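Just so you know, these numbers come straight off a predicted model, no measurement behind them. Reminder, nothing fancy here: chain letters follow the sequence lines and each chain counts from 1.
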Amino acid sequence: MNIPSNIVTLIVGIVVTLLSLWYGQNHGLLPVAASSEAVQIDELFNFMMTVSTGLFLLIEGILIYSVIKFRRPKGDTTDGSPIEGNVPLEILWTAIPTVIVLILAIYSFEVYNAMGGLDPMAAHDMGPHTVARAESNSKENLIAFDPDRKQVALGLGVSPETKEGENQLVINVNGIQYAWIFTYPESGIVSGDMHIPVGRPVKLNITAGDVLHAFWLPEFRLKQDAVPGREVQLTFTPNRVGQYPIICAELCGAYHGGMKSQLYVQTEEEYQQWLQQNTLAQSDVESTLAANAASSSDSEFLAPLAAEIGVEADTIAQLHALHHHPLNAEL
Amino acid sequence: MSTSAEKIVTSTHDGQKAEHKQRKWQDYFTFNTDHKVIGIQYLVTAFLFYFVGGALAEVMRTELATPEPDLVQPEFYNQIMTMHGTIMLFLWIIPAGAAFANFLIPLMIGAEDMAFPRLNAVAYWMFPIGGILLMSSFFVGPAQAGWTSYPPLSLVASKWGQEIWILSILILGTSTILGSINFITTILKMRMPDMDIHSMPLFCWSMLATSGLILLGTPVLAAALILLSFDLIAGTSFFNPAGGGDPIVYQHMFWFYSHPAVYIMVLPFFGIISEVLPVHARKPIFGYRAIAYSSLAIAFLGLIVWAHHMFTSGTPGWLRMFFMATTMVIAVPTGIKVFSWTATIWGGKINLNSAMLFGVGFISLFLIGGLSGIMVASVPFDIHVHDTYFVVAHFHYVLFGGSVLALFAGIYHWFPKMTGRMLNETWGRIHFALTYIGFNLTFLPMHQLGIQGMNRRVALYDAQFQSVNMICTIGSYILAVSTLPFVVNVLWSVFKGEKAGRNPWRALTLEWQTSSPPAIENFEEEPVLWAGPYEYGVDTEMIDEDSSIEEMLAEVSAEAK
Ligand code: HEM
Ligand SMILES: [Cu+2]
Ligand SMILES: [Cu+2]
């Protein structure tokens with residue numbers, strides 16, 4: 001084979017390595033990271049980006065070089081050299097991906113563990129709430145993995161080696177077409193946005209009222225499907241004050257794209273203020289929501305959001321009339 | 001030298017050329033059992049559906065040029081999105097793979113036809129029937145729950161459209177099962193006597209792997225869809241949580257088929273690439289056995305990775321880790337293939353014609369899809385980008401940059417064999433350039449969109465993503481334009497193209513030993529296995545000695561009997 005001289009190979013290798021290392025850190029693709037776990041995921045992504053850039057440059061480089069260098073002159077009807085393989089080379093390029101994915105798998109495992117994904121009892125201290133739910137829905141004989149049996153964890157639990165298990169702020173999240181509803185059991189607040197104090201661990205109990213939804217916080221790199229009749233949890237600790245989008249990431253119907261809400265990570269004072277304001281206004285909201293649930297329609301709830309989504313209020317009403325929503329009975 | 005293979009075959013058949021029976025155009029519209037007719041039928045039908053699916057994609061991209069849902073209603077967006085995905089997978093890329101398999105397998109192994117020609121024709125005719133059925137759902141409002149059709153949404157939106165969707169997928173799935181029974185039997189039982197399994201072309205290996213996956217996976221999909229249909233029509237609650245059903249079980253059953261399905265959609269095209277590269281690089285394929293066995297390894301591993309589509313769904317932590325590990329292992333056989341193809345063209349004598357451009361283009365784009373594939377295998381990162389435009393970018397790099405580019409490489413390579421005429425090179429190159437530029441412009445920026453927070457399957461999106469989306473839309477228009485030179489080229493060349501002769505590429509696989517287009521009975525005389533499928537540059541001196549040809553022919557055919 002026509003291997004270029006060692007020096008050239010060496011220089012090319014160094015350049016590719018440097019470029020990959022640089023690009024892996026400077027791709028600028030990720031949005032801000034608002035928790036320490038998000039930073040770890042970003043580092044994992046940067047690592048993958050570095051390796052990918054290296055492989056990309058290497059192989060695209062060889063392709064471009066070959067296409068330029070090994071062209072057949074016009075009129076030449078002879079063939080290339082009859083090389084049918086090269087065992088050491090083939091062992092090498094079996095070993096390279098093997099080693100890379102081995103490292104990547106272990107690294108990913110570590111990060112996932114740090115996120116609390118392997119907390120064996122993520123479903124352990126869900127309290128009577130879950131059990132009650134489970135009974136009322138008669139979910140005992142699900143064929144798939146049943147989170148209510150407390151043998152398996154669904155979602156992300158407490159990060160090991162942290163105090164995330166203490167002083168958690170519990171929020172129940174319910175996804176319905178096309179809005180998120182946040183209930184704060186501590187204070188009884190029901191809200192269409194989520195407010196949390198910075199630095200305090202949050203535990204979300206996520207479920208859905210009608211179809212599948214997915215609760216996505218891009219700035220926290222967190223996502224969890226919301227499944228009707230099933231409760232899943234997400235635990236995380238925000239470390240950055242700000243306003244972040246909450247996005248539905250699982251196709252849930254026509255206005256799936258409009259199913260957005262806001263997460264406000266606030267200072268302790270701001271949060272307390274919000275708590276107070278809303279506890280006062282609470283009785284109001286609660287009755288509206290209760291009525292909604294009873295009439296098994298969320299069009300009323302949606303009406304205020306409609307302008308934002310860009311939908312006519314009667315379109316929503318029509319939509320719901322069409323759907324006759326049998327599933328909302330559970331809400 | 002390899003070149004002389006053609007000469008000899010030509011000379012032995014000279015006398016009989018006159019009595020050649022030709023296919024009439026009417027044959028292509030009938031229930032014909034000739035595998036070559038069926039192959040062309042598959043290919044042309046698939047292309048017709050490709051244009052429908054592509055037109056729908058252009059409507060979507062036009063809608064997405066601006067953040068507001070202004071061109072089409074969001075509900076209609078979801079319907080054309082669902083139809084685009086379904087058409088591209090079940091009516092374009094899977095049947096297009098079957099097209100090449102039907103046309104090539106018997107020719108490549110020196111057989112007269114498929115093992116079960118009638119079954120083959122039945123399999124083909126189920127395809128347009130299923131396709132037209134699916135199209136008919138436009139009259140009742142097509143399905144709108146995505147090509148995955150997850151319940152409960154699929155149970156409450158577009159009831160009749162959804163039911164038609166289920167029925168047509170069942171028909172199309174059955175068609176692929178019949179097809180693959182044929183492919184496996186033909187490859188294993190009908191090879192010419194001299195051809196052992198390790199000297200058959202790699203395309204046949206990849207079709208073995210593909211067919212195995214179809215046979216194992218499709219029945220599970222059928223079961224899931226039949227149960228879904230009961231929930232939809234009869235009000236049962238297999239997957240409906242309102243009645244105590246479990247929607248997650250549907251996801252498991254669906255992906256048990258549909259992950260292997262992505263290999264069903266790409267393995268045949270791996271095979272095509274393994275045929276195209278050696279011919280136009282004038283070098284043997286690098287690592288024949290490694291490529292052959294890695295197809296089988298990919299097929300096997302493909303059966304145990306399905307839940308990587310469910311990392312954020314009802315999948316417990318330990319299971320997420322298990323499926324992450326198995327998924328990452330697939331990178332190894334896939335990497336072997338990419339490295340082997342790259343090594344095949346290294347040091348060759350490359351003829352950079354349209355077929356080769358698409359072939360090399362395939363490696364360069366499939367590589368990107370493969371790298372982003374390893375990224376989404378990593379659970380922590382996938383949790384972030386699952387169901388976002390990052391994934392849309394990833395699978396278009398695999399399916400379009402991978403399968404479709406390889407498909408075009410295959411067309412430019414075998415068009416002379418299929419029609420007896422050459423395609424125009426200049427227009428082929430223009431087609432390639434437009435496709436390559438348009439494709440990257442459309443799909444490369446989508447990686448960024450997804451990472452930064454744009455979810456998929458939306459008709460309306462956040463205003464901050466507008467400018468990048470505009471780039472994607474412009475790219476998609478270039479892609480639309482790129483098909484024009486191709487279509488014109490094909491239509492013109494079928495009638496007016498330069499005559500191709502038996503073996504315009506001086507290729508060694510058996511399909512090039514017969515006339516172009518091949519005689520109805522494939523080979524007028526028993527084909528002769530002069531060389532392995534990829535023995536380029538190997539000096540098979542005996543062929544050069546003209547005197548001994550007749551003797552050798554006699555010898556070989558005596559052996560064969
Ligand atoms: C003309 C070129 C193409 C363009 C511009 C295009 C564009 C798109 C767009 C905009 C979406 C919808 C994304 C969303 O709303 O989530 C989509 C989805 C999809 N496309 Fe394409 N596409 C093209 C070609 C292809 C090809 C060739 C294939 C397969 C061989 C394909 C397979 C799919 C699939 C499977 C989906 C997913 C549908 C779903 O989410 O259910 N596309 N494409
Ligand atoms: Cu949604
Ligand atoms: Cu998959």
Side-chain angles (χ1 to χ4, degrees), chain A residues 1-2 29-31 41 44-45 48 52 59-60 62-63 66-67 70-72 77 79-82 84-85 90 93-94 97-98 101 105 108-109 111-112 117-118 138 142-145 152-154 211-212 218 221 223-225 227-229 247 249-251 254-258 310 323 326-327, chain B residues 2-3 68 74-75 146 150 152-153 156 241-242 244 246 248-249 282-284 286-287 290 312-314 316-317 321 325 328 331-332 335-336 339 342 345-351 360 363-364 367 371 375 378-381 383-384 386-387 448 451-453 455 457-461 536-538:
Chain A
M1 267 214 272
N2 195 353
L29 291 172
L30 291 156
I41 295 168
L44 171 66
F45 177 65
M48 294 194 292
S52 301
I59 294 176
E60 305 288 0
I62 296 177
L63 289 179
S66 307
V67 161
F70 304 119
R71 288 286 275 284
R72 183 172 67 184
T77 54
D79 292 343
S81 48
E84 302 198 328
E90 286 173 56
W93 67 46
T94 309
T98 310
V101 298
S108 303
F109 180 88
V111 173
Y112 189 63
L118 297 169
S138 57
L142 281 184
I143 317 169
F145 317 96
V152 291
L154 268 186
V211 296
L212 300 176
R221 318 284 185 262
K223 186 178 292 119
Q224 175 57 52
D225 288 11
V227 186
I247 299 173
E250 178 68 56
L251 178 62
Y255 292 95
H256 164 58
H323 283 184
L327 303 172
Chain B
S2 51
T3 344
E68 303 82 31
E75 184 177 34
Y150 279 3
L153 183 63
V156 297
D246 191 346
I248 307 297
V249 175
R282 311 304 309 164
K283 256 190 74 199
F286 196 98
T312 69
S313 165
M321 292 298 107
M328 285 193 175
V332 178
I336 291 176
F339 285 122
T342 312
I345 68 169
W346 177 273
K349 295 209 163 171
I350 298 173
N351 179 6
V360 179
I363 308 180
S364 73
L367 173 68
L371 292 174
M375 292 180 179
S378 167
V379 172
F381 180 66
I383 287 178
H384 177 49
H386 174 71
D387 260 329
Q448 181 189 354
I451 293 179
Q452 299 201 333
N455 44 352
R457 295 171 167 173
V458 296
L460 54 166
Y461 58 86
Y536 297 100
V538 180

Asker: Please report the shortest heavy-atom distance between B:Ile350 and A:Ser66, naming the atom on each side.
Answerer: CD1-O, 3.6 Å

Asker: So which residue, B:Thr342, B:Val360, B:Leu371, B:Ile363, ends up with the most heavy-atom pairs under 4.5 Å with chain A?
Answerer: B:Leu371

Asker: Find out whether B:Phe339 and A:Ile59 are in side-chain contact, i.e. whether some heavy atom of one side chain is under 4.5 Å from a heavy atom of the other.
Answerer: yes

Asker: Roughly how far, to the nearest 0.5 Å, is the OG1 atom of A:Thr77 from the CG atom of B:Asn351?
Answerer: 12.0 Å

Asker: Between atom CG of B:Leu153 and atom NE2 of A:His256, what is the distance when rounded to the nearest 0.5 Å?
Answerer: 10.0 Å

Asker: Measure distances from B:Leu367 to the heavy atoms of chain A and classify the residue's part below 4.5 Å as side chain, backbone, both or neither.
Answerer: side chain

Asker: Might you work through the side-chain contact (heavy atoms from CB on, under 4.5 Å) test for A:Phe70 and B:Ile345, ending with a clear yes or no?
Answerer: CA-CA 8 Å; A:Phe70 304 119; B:Ile345 68 169; over 6 Å; no

Asker: Kindly compute the distance separating CD1 (B:Ile383) from CD (A:Gln224), expressed to the nearest 0.5 Å.
Answerer: 8.0 Å

Asker: Counting only non-hydrogen atoms closer than 4.5 Å, does A:Val227 touch chain B with its backbone (N, CA, C, O), its side chain (CB onward), both, or neither?
Answerer: side chain

Asker: Can a donor-acceptor pair be found, under 3.5 Å and without considering hydrogens, that links the side chain of A:Asp79 to the backbone of B:Gly537?
Answerer: yes

Asker: Does any backbone or side-chain atom of A:Leu29 lie under 4.5 Å from a heavy atom of chain B? Answer side chain, backbone, both or neither.
Answerer: both

Asker: For the backbone of B:Thr312 and the side chain of A:Lys223, can you confirm whether one donor and one acceptor N or O come within less than 3.5 Å of each other?
Answerer: no

Asker: Contact part of B:Met321 toward chain A, heavy-atom cut-off under 4.5 Å: side chain, backbone, both or neither?
Answerer: side chain

Asker: So which heavy atom on B:Ala331 is nearest to which on A:Pro97, and how close?
Answerer: O-CB, 4.2 Å

Asker: Only counting residues at least two apart or in another chain, list the ones meeting ring pair (Phe, Tyr, Trp, His ring centres under 6.0 Å) with B:Phe381.
Answerer: A:Phe45, B:Phe390

Asker: For chain B, which of A:Glu250, A:Glu90, A:Arg72 has the most heavy-atom pairs under 4.5 Å?
Answerer: A:Arg72

Asker: Of the non-hydrogen atoms in A:Ile41 and B:Pro380, which two are nearest, and what is the gap between them?
Answerer: CG2-O, 3.9 Å

Asker: By a 4.5 Å heavy-atom criterion (distance strictly below it), what part of A:Leu30 contacts chain B: side chain, backbone, both, or neither?
Answerer: both

Asker: Taking B:Ala290, B:Gly335, B:Gly453 one by one, which has the highest count of heavy-atom pairs under 4.5 Å against chain A?
Answerer: B:Gly453

Asker: Checking heavy atoms, do the side chain of B:Ala325, its backbone, both or neither come under 4.5 Å from chain A?
Answerer: neither

Asker: Kindly indicate whether the side chain of B:Tyr150, heavy atoms from C-beta on, has any atom under 4.5 Å from the side chain of A:Leu251.
Answerer: no

Asker: Which heavy atom in B:Ser378 sits nearest to a heavy atom in A:Met48, and how many Å separate them?
Answerer: CB-SD, 3.9 Å

Asker: Drop me the distance from B:Met328's CE to A:Thr98's OG1, to the nearest 0.5 angstrom.
Answerer: 13.0 Å

Asker: If you define the side chain from C-beta out and look only at heavy atoms, does anything of A:Ser108 sit under 4.5 Å from B:Val379?
Answerer: no

Asker: What residue, out of A:Ile247, A:Leu63, A:Val111, has the most heavy-atom pairs lying under 4.5 Å from chain B?
Answerer: A:Leu63

Asker: Can you give me the closest heavy-atom contact between A:Tyr255 and B:Pro74, atom names plus distance?
Answerer: CE2-CG, 3.5 Å

Asker: Looking at every heavy atom in both A:Ser81 and B:Pro284, which two are closest together, and how far apart are they?
Answerer: O-CD, 3.8 Å

